[in-house]
Amino acid sequence: TVKGTKKEAEKRLSELLNQIDNGTFIKPGKTTLGEYLEHWLKDYVKPNLAPKTYEGRAQYIHRQIIPSLGNMTLIALKPEHLQRFYAEKLSNGRCDGKAGLSARTVRDLHGILHAALATAVKHGLLVRNVADAVDPPHFHRPEMNVMNEFEVMSILESARSTGYYPLFYTLLFTGMRRSEALALRWSDADLIAAQISINRSMHHLATGEIVFRQPKTAGSRRMVSLSPSTCIMLRQHHDNEEALKGTLRDDDLIFAHLAGSTLLPSSVTHSWMKLVRRCGLTGIRLHDCRHTHASLMLKQ
């Protein structure tokens with residue numbers, strides 16, 4: 001049924017027949033965007049992406065997207081709906097006096113919607129991805145912060161009084177990620193050949209569960225060369241751990257609590273922030289250890 005003139009109805013009929021001939025016709029459905037996103041999370045995101053990535057996307061979908069757009073049917077979604085949604089989420093688009101989301105967060109929401117709608121197109125639920133016709137907000141990436149040699153030694157000297165000294169030393173002199181370092185076992189380290197194998201990462205989920213997972217890309221599985229000083233430090237760390245625990249197994253974590261339980265990523269980051277403030281350095285994140293390592297390597 002078409003509301004309008006007979007000529008408009010004939011035009012619409014011609015379009016539908018053309019879609020059937022081309023194989024692009026999709027029968028109008030009543031599935032809402034919220035229902036589709038729930039299925040997308042369960043059937044695509046959870047089996048294919050890292051648990052932490054799944055948690056992040058699920059949080060964005062349940063807290064931001066579904067409350068605003070969830071009741072709209074999937075096939076009724078148009079570019080203007082997304083553009084208005086982004087504007088309302090931005091700080092300058094809120095009219096209720098509350099602070100809005102940052103441009104980067106809104107851009108993340110756009111990325112989730114674009115990926116979900118692309119899957120819908122692939123499965124024949126939509127003819128096109130309406131997110132292609134929407135301009136997400138721009139944001140300026142924060143500048144990378146790196147430390148010089150003096151600041152690195154200052155941080156490490158201050159870290160000696162904490163239980164995180166071996167971990168922070170390793171992060172600074174290898175450039176590996178926090179999740180990779182926390183997943184390391186003694187069997188991954190070859191202190192004679194001066195190298196360490198990165199073959200998994202550790203994730204702490206919102207449920208409290210600790211998950212070890214293979215790296216998401218082939219390039220993330222790699223051998224990292226260790227400097228002589230890092231080998232000496234790890235050998236001393238091994239001897240200290242063995243003296244305290246009595247014995248160490250190959251599958252024991254290199255960086256863990258005395259009882260063997262895993263270090264929590266949030267606790268590691270919190271300790272780093274306190275350490276940085278104590279040393280009078282501001283704006284240096286734990287992730288900046290990677291940038292610092294690369295910077296020092298280039299300088300050498």
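Bear in mind the structure is a predicted one, so any value in this text is a computation, not a measurement.
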Establish whether Ile284 and Leu296 are linked, either directly or via other cluster members, by ILVMFWY side-chain heavy-atom contacts under 4.5 Å. yes
Within the 4.5 Å heavy-atom criterion, are Met147 and Asp288 side-chain neighbours or not? no
Apply side-chain contact (heavy atoms from CB on, under 4.5 Å) to the pair Leu281 and Ile155, showing each step before the final yes or no. CA-CA 9 Å; Leu281 301 173; Ile155 283 278; 3.9 Å; yes
For the hydrophobic clusters of this structure (ILVMFWY residues joined by side-chain heavy atoms under 4.5 Å, transitively), does one cluster hold both Val2 and Leu17? no
Within the distance-only criterion (no hydrogens, no angle test), does the side chain of Glu241 pair as donor or acceptor with the backbone N or O of His238 below 3.5 angstrom? no
Approximate separation, where rounding is to 0.5 Å, of Tyr164 OH and Leu286 CG: 11.0 Å
One should read off an interatomic distance between Lys122 NZ and Leu126 CG, to the nearest 0.5 angstrom, of 13.5 Å
Kindly compute the distance separating CG (Leu263) from NE2 (His204), expressed to the nearest 0.5 Å. 12.0 Å
I'd like to know if the side chain of Asn48 and the backbone of Val45 have a donor-acceptor N/O pair within less than 3.5 Å. no
d(Arg128 CZ, Leu117 CG) to nearest 0.5 Å is 10.5 Å
With a 3.5 Å distance limit and no angle check, can you tell me whether Ser158 reaches the backbone of Ser154 through a side-chain donor-acceptor pair? no
Does the distance from a Lys or Arg side-chain N to an Asp or Glu carboxylate O, for Glu15 and Arg12, drop under 4.0 Å? yes
Walk me through whether Leu101 and Leu90 qualify under side-chain contact (heavy atoms from CB on, under 4.5 Å). CA-CA 5 Å; Leu101 302 177; Leu90 287 170; over 6 Å; no
Nearest heavy atoms of Leu82 and Val134, plus distance in Å: CB-CG2, 3.8 Å
Considering only heavy atoms from C-beta outward, does the side chain of Lys245 approach that of Leu248 to under 4.5 Å? yes
Do the non-hydrogen side-chain atoms of Glu8 and Thr5 ever get within less than 4.5 Å of each other? yes
Non-neighbouring partners of Asp190 that pass salt bridge (Lys or Arg N to Asp or Glu O under 4.0 Å), sequence neighbours left out: none
Answer whether the closest heavy-atom distance between the side chains of Ile210 and Met202 falls below 4.5 Å. yes
May I ask whether Leu264 and Met273 are part of the same hydrophobic cluster, defined by side-chain heavy atoms of I, L, V, M, F, W, Y residues being less than 4.5 angstrom apart, directly or through others? no
Backbone of Ala58 reached by a side-chain donor or acceptor of His62 within 3.5 Å: yes
Angle class for the Trp40/Tyr44 ring planes (parallel below 30°, perpendicular above 60°, tilted otherwise)? parallel
Shortest non-hydrogen separation from Asp43 to Pro47 and the atoms involved: O-CG, 3.4 Å
Is any side-chain N of the basic residue among Glu157 and Arg160 closer than 4.0 Å to the acidic one's carboxylate O? yes
Please report whether the ring centroid of Phe173 lies less than 6.0 Å from that of His293. no
Any chain of hydrophobic side-chain contacts (each under 4.5 Å) joining Met176 to Val146? no
Look at the rings of Trp186 and His237 and say which category their plane angle falls in: under 30° parallel, 30 to 60° tilted, over 60° perpendicular. tilted
Does Thr31 form a side-chain contact (heavy atoms from CB on, under 4.5 Å) with Ile75? I'd like the steps, not just the answer. CA-CA 8 Å; Thr31 301; Ile75 61 172; over 6 Å; no
Same apolar cluster: Ile254 and Phe212, side chain cutoff 4.5 Å: yes
Quick one: do the Ser201 and His203 side chains pair a donor with an acceptor below 3.5 Å? yes
Any side-chain donor-acceptor pair under 3.5 Å between Ser295 and Thr292? no
Can you see which heavy atom on Arg235 is nearest to which on Ile192, and at what distance? NH2-N, 4.5 Å
If I take atom CG from residue Asn199 and atom CE from residue Met223, how far apart are they, to the nearest 0.5 angstrom? 9.0 Å
Would you say that Arg200 contacts Arg185 through its side chain, given a criterion of any heavy-atom pair below 4.5 Å between the two side chains? yes
Checking Asn18 side chain against Ser14 main chain: does a donor-acceptor pair fall under 3.5 Å? no
Pairwise side-chain hydrogen bond (donor to acceptor under 3.5 Å, both in side chains) hits with a residue in residues 172-184, at least two apart: Arg177-Glu180, Arg178-Thr269, Glu180-Arg222
So, for Lys299 and Glu149, which heavy atoms are closest and what is the spacing to 0.1 Å? NZ-OE2, 3.1 Å
Within the 4.5 Å heavy-atom criterion, are Ser187 and Asp251 side-chain neighbours or not? no
If you measure from CD1 on Ile112 to CG on Leu37, what distance do you get to the nearest 0.5 Å? 9.0 Å
Would a 4.5 Å heavy-atom cut-off, applied to side chains only, mark Arg278 and Ser161 as touching? yes
Considering all heavy atoms of both residues, which atom of Cys289 and which atom of Leu172 are nearest to each other, and what is their separation? SG-CD2, 3.7 Å
I'd like to know whether NZ of Lys46 has more than 12 heavy-atom contacts from other residues, nucleotides or ligands below 6.0 angstrom. no
Is there a donor-acceptor pair closer than 3.5 Å between any side-chain N or O of Gln195 and the backbone N or O of Ala189? no
Using atom types as modelled and distance alone, determine if a side-chain donor or acceptor of Glu151 lies under 3.5 Å from a backbone N or O of Asn148. yes
Are any of the side-chain heavy atoms of Val268 and Phe168 separated by less than 4.5 Å? yes
Closest non-hydrogen contact found for Val211 with Leu205 is CG2-CD1, 3.7 Å
Going through the checks in order, is the side-chain contact (heavy atoms from CB on, under 4.5 Å) test met by Phe85 and Ile65? CA-CA 9 Å; Phe85 169 64; Ile65 299 175; 4.1 Å; yes
Is there a donor-acceptor contact under 3.5 Å linking the side chains of Asn145 and His291? no
Does His270, at its NE2 atom, have more than 12 non-hydrogen atoms belonging to other residues, nucleotides or ligands within less than 6.0 Å? no
